[in-house]
**Student:** 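Before we start, here is the structure in question, set down as structure tokens.
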Amino acid sequence: MTANNTQTARTETTRNADDIKISTRTLEFAVYAAAVLATIITAAVVGDDRSENGVDVFNAHDAMQLITWLTVGLMVARGLAKAGNRNHNHG
């Protein structure tokens with residue numbers, strides 16, 4: 001393979017500046033997944049013991065509500081990322 005062929009192969013694999021990352025490869029998705037996991041663990045661990053007098057202070061309903069808000073936030077963030085990255089030159 002000549003140097004010219006190597007350079008051509010490299011340029012074909014480079015990303016276009018207008019491309020956006022797949023959502024599962026972004027930092028915001030990693031933070032979302034960690035927050036959802038932390039919410040599930042917290043809902044399972046907190047409450048239902050003597051210190052709260054048997055009251056579940058962070059129950060499944062609260063956890064699902066928080067996960068729903070996290071999901072909405074992720075969708076808004078991805079929508080803004082896509083909208084801000086559109087190629088507006090149509091001509």
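Since this is a predicted model, take the numbers as computed values, not measurements.
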**Student:** Any chance you could pull the hydrophobic cluster mates of Val31, using side-chain heavy atoms under 4.5 angstrom and chaining through other members?
**Tutor:**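 Members besides Val31, by chain and number: Leu27.
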
**Student:** Donor-acceptor pairs under 3.5 angstrom involving side-chain atoms of residues 34-41: please list them, not counting sequence neighbours.
**Tutor:**
{"from": "Thr39", "atom 1": "OG1", "to": "Ala35", "atom 2": "O", "distance (Å)": "2.7"}

**Student:** Which pairs would a plain distance check flag for residues 60-70, meaning a side-chain donor or acceptor within less than 3.5 Å of a matching protein atom at least two apart in sequence or in another chain?
**Tutor:**
{"from": "Thr68", "atom 1": "OG1", "to": "Met64", "atom 2": "O", "distance (Å)": "2.8"}

**Student:** Output all residues satisfying side-chain hydrogen bond (donor to acceptor under 3.5 Å, both in side chains) with Thr71, sequence neighbours left out; order by chain, then residue number.
**Tutor:**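 In terms of side-chain hydrogen bond (donor to acceptor under 3.5 Å, both in side chains), with neighbours along the sequence ignored, Thr71 is linked to Tyr32.
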
